[in-house]
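What you see below is based on every heavy atom in this structure, not just the backbone, and it leaves out hydrogens, waters and symmetry mates. Every chain is numbered from 1 and lettered A, B, ... according to where its sequence line falls, protein lines coming before strand lines.
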There are 2 protein chains.
Amino acid sequence: MESSTFGPAQLVLTASIARRYYVDGRSKVEIADEFRLSRFKVARLLDQARNSGLVRIEISHPGAIDLDLSSRLQEALGLRRAIVVDTPEEDPAALRLQLGKAAADLLSEIVTADDVLGLAWARAVTAMTEQLTSLAPVPVVQLTGALTRPDVEANSVELVRHTARLSGGPAYLFYAPLVVPDAATARALRQQPEVAEAIGHFDSVTKAVVGLGSWAAGQSTLYDAMDEKSCDQLRRRGVVADISGVFVDADGRPVHSRVTDRVVAINAAQMDAIDEVIAIPYGLAKVDAVRAAVRSGLVNGIVTHAPLAKALMDQTH
Amino acid sequence: MESSTFGPAQLVLTASIARRYYVDGRSKVEIADEFRLSRFKVARLLDQARNSGLVRIEISHPGAIDLDLSSRLQEALGLRRAIVVDTPEEDPAALRLQLGKAAADLLSEIVTADDVLGLAWARAVTAMTEQLTSLAPVPVVQLTGALTRPDVEANSVELVRHTARLSGGPAYLFYAPLVVPDAATARALRQQPEVAEAIGHFDSVTKAVVGLGSWAAGQSTLYDAMDEKSCDQLRRRGVVADISGVFVDADGRPVHSRVTDRVVAINAAQMDAIDEVIAIPYGLAKVDAVRAAVRSGLVNGIVTHAPLAKALMDQTH
DNA sequence: CGCAGGCTTGCTCATATGAGCGGAACCACC
DNA sequence: GGTGGTTCCGCTCATATGAGCAAGCCTGCG
């Protein structure tokens, strides 16, 4: 049972065979002939070698992407996509750059001419579009209003326009804030021709990149932009995450409230209808938000960094 | 061709598949079903994964034996056995202990009741017998005379007797020095009943453990025990190694000289007839001696440590 | 001595796999 | 729009492989 059961000669023989098989890629029959063994014996030695840990198979990649972690995260959370960037980077800005690059690569890879791309406003999404260098010619639809902050120059409009130019497809964009003071204003804005046209295309969006915030100060641009009262109200309703204006609780259920009506953005049902929705979360504070977003089923693709990925895996097990 | 040709999604997919196949041990058909791919596609992705270095297969062992190096050394030198102990140990005595243990394990493993074991005198062989804990009941034959040195208490006689007692088989041992001052004395010694009986068993020996020295001061107990003149004479004849009293040159050819006749030990032809002859060399100074010994075909099994093994591989390539 | 039980070995046969092929899609260039 | 090159894909068929089995073979015990 244990490897110590075997003598050194046996072990070396097994090692030789394992190398022939795994490294040199020979067939078991060839190996059997070479070593004057039956192919069954070879197969058994290889089995032993594997489950005694004598051969260790490592999945690694010279680049920044931790493929093994990516694929395990993808499976653990039941995601369509998961890209885990393995970087020691701590600085949020530099991190966004790396994640943006990975997300941009992902997007150029998975978007085909048949798709309709939806983009929400988020710093991470902006970071992605800045790294984007090529994209199939697809319509690009703005999914949310803008959240203009003094420290951020880019807005959702620029983001969409830039992407559409790169792609060569039509852009459906509009100028409106993400949250407005009351529901009536929001309704009025949604009637605006450009806004209405963009919204009209929500149903045909097949792939989207959205923002993902944890419902706490400094963890969501939307939270930081809203009045304290509304924030508290949503928190009392159990909101732990906002997905580009869609609020979800810890179980992943969308939360509807008066605040929801004041948001000019894609809603939960529309987002749910999109085939692939990708978020780019980072920072350990977002663990619960990511879990909620994934549980909701609204988000089914993630581009993130190793610490957050590991935190997600730990709690899932 | 390059892995950078693929996007992240492709890479992650490949990683997932590689893990399913190599780690989980699923069949390609199963994987193909799971991922909705043709089995051919799966096979191609796995091929890519392998030869792009995405999956790395390591052969390792928690113990002291470097299996991968062992098996590669074995193949590189065309040996029947090669055990490479991976120890950072520098101290010769401690190293002998480790090699002795490995060699002892090897011997208990490979010696069966049908064998006849031959043992030569050598510190390393003594180290091996000291570590020996079990052995099939076989006859044990002393292959060489003793080289008594003031700093070494054990002699070849004790070594053989001890092993035979452990084994439970008969011992063929004799009291005689390894080298004597002249050929006549050697001849006379060979006539001695015990010596003659042991020599009479040389032909039936199937497995032997011998000493291996580099023909230089401090690298061979035999060299150090002989007069300078004889040493020089042998060196002029091209001797680079002594295998328990058998002298070989760099090409592995046995060298016969007047000195040879003064040795009371197994000769080259008799050693050549033994199925497995194992040596336990260590120390980088012995590289050439080991190569010569292997080239001669007299020695076909080696127990050594990583630095010497690597040195042997380097020069071979 | 004889026999039961565990263990190893190599077999059969159904299934998995690889080599090589031809067709479809794509591309760049006429 | 044609055209040759290239790549990718999935097929066929011969081969490799695994599951399970039965025969040999130790080993310990009555």
Side-chain angles (χ1 to χ4, degrees), chain A residues 1-7 9-14 16-52 54-55 57 108-115 133-138 167-169, chain B residues 1-14 16-52 54-55 57 108-115 134-138 167-169:
Chain A
M1 194 88 40
E2 299 214 357
S3 58
S4 58
T5 316
F6 308 117
Q10 179 87 303
L11 283 172
V12 171
L13 174 68
T14 308
S16 296
I17 289 175
R19 197 152 42 75
R20 274 278 185 287
Y21 186 75
Y22 287 112
V23 182
D24 301 348
R26 313 306 222 74
S27 88
K28 296 180 188 181
V29 175
E30 285 179 300
I31 297 168
D33 288 346
E34 180 181 344
F35 288 86
R36 309 294 177 89
L37 299 167
S38 76
R39 67 184 183 85
F40 304 100
K41 177 95 184 171
V42 171
R44 282 179 190 122
L45 284 174
L46 283 170
D47 283 350
Q48 276 181 0
R50 268 227 318 214
N51 57 33
S52 73
L54 200 144
V55 296
I57 290 146
S108 6
E109 184 186 1
I110 66 172
V111 169
T112 68
D114 301 332
D115 283 314
T133 53
S134 75
L135 196 65
V138 293
S167 146
Chain B
M1 193 86 47
E2 299 213 358
S3 59
S4 56
T5 317
F6 308 116
Q10 178 87 305
L11 283 171
V12 172
L13 174 68
T14 308
S16 296
I17 290 175
R19 195 152 43 75
R20 275 275 185 288
Y21 186 75
Y22 286 112
V23 182
D24 301 349
R26 313 306 221 74
S27 88
K28 295 180 188 180
V29 175
E30 284 179 301
I31 297 168
D33 288 347
E34 180 181 344
F35 288 87
R36 308 295 175 90
L37 297 167
S38 75
R39 67 186 182 83
F40 305 99
K41 178 94 184 171
V42 171
R44 281 179 191 123
L45 284 174
L46 283 170
D47 282 351
Q48 277 179 1
R50 270 224 321 209
N51 58 34
S52 74
L54 200 146
V55 296
I57 291 150
S108 5
E109 185 187 1
I110 66 172
V111 168
T112 68
D114 302 332
D115 283 314
S134 75
L135 195 65
V138 293
S167 146

Side-chain donor-acceptor distances from residues 42-51 of chain B under 3.5 Å, at least two apart:
from  : atom 1 : to    : atom 2 : distance (Å)
B:R50 : NH1    : A:Y22 : O      : 3.1
B:N51 : ND2    : B:D47 : O      : 3.4

_Quick one, B:F35 and B:R20 - any side-chain contact, counting heavy atoms below 4.5 Å?_
yes

Taking only nitrogen or oxygen atoms into account, show me every contact under 3.5 Å that the protein makes with nucleotides 7-9 of chain D, one pair per line with its distance.
from  : atom 1 : to    : atom 2 : distance (Å)
D:dC9 : OP1    : B:K41 : NZ     : 3.0
D:dC9 : OP2    : B:K41 : NZ     : 3.1

*So, for B:A113 and B:A136, which heavy atoms are closest and what is the spacing to 0.1 Å?*
N-CB, 3.9 Å

*Which atoms form the tightest heavy-atom contact between B:S38 and B:A32, and what is the distance?*
C-CB, 3.8 Å

_Note, A:L13 side chain near A:Q10 side chain (heavy atom, < 4.5 Å)_ = yes

_B:L135 versus B:S108, closest heavy-atom pair with distance_ = CD1-CA, 4.1 Å

*asked:* Each nucleotide in nucleotides 13-18 of chain C should get exactly one letter: B, S or -. Can you fill that in based on protein heavy atoms under 4.0 Å?
replied: B--SBB

*Value in whole Å for how far the P atom of C:dG10 lies from CZ of A:F35*: 16 Å

*Shortest non-hydrogen contact between B:L54 and B:L11, atoms and distance*: CD1-CD2, 3.8 Å

*So which heavy atom on A:S167 is nearest to which on A:G169, and how close?*
OG-N, 3.1 Å

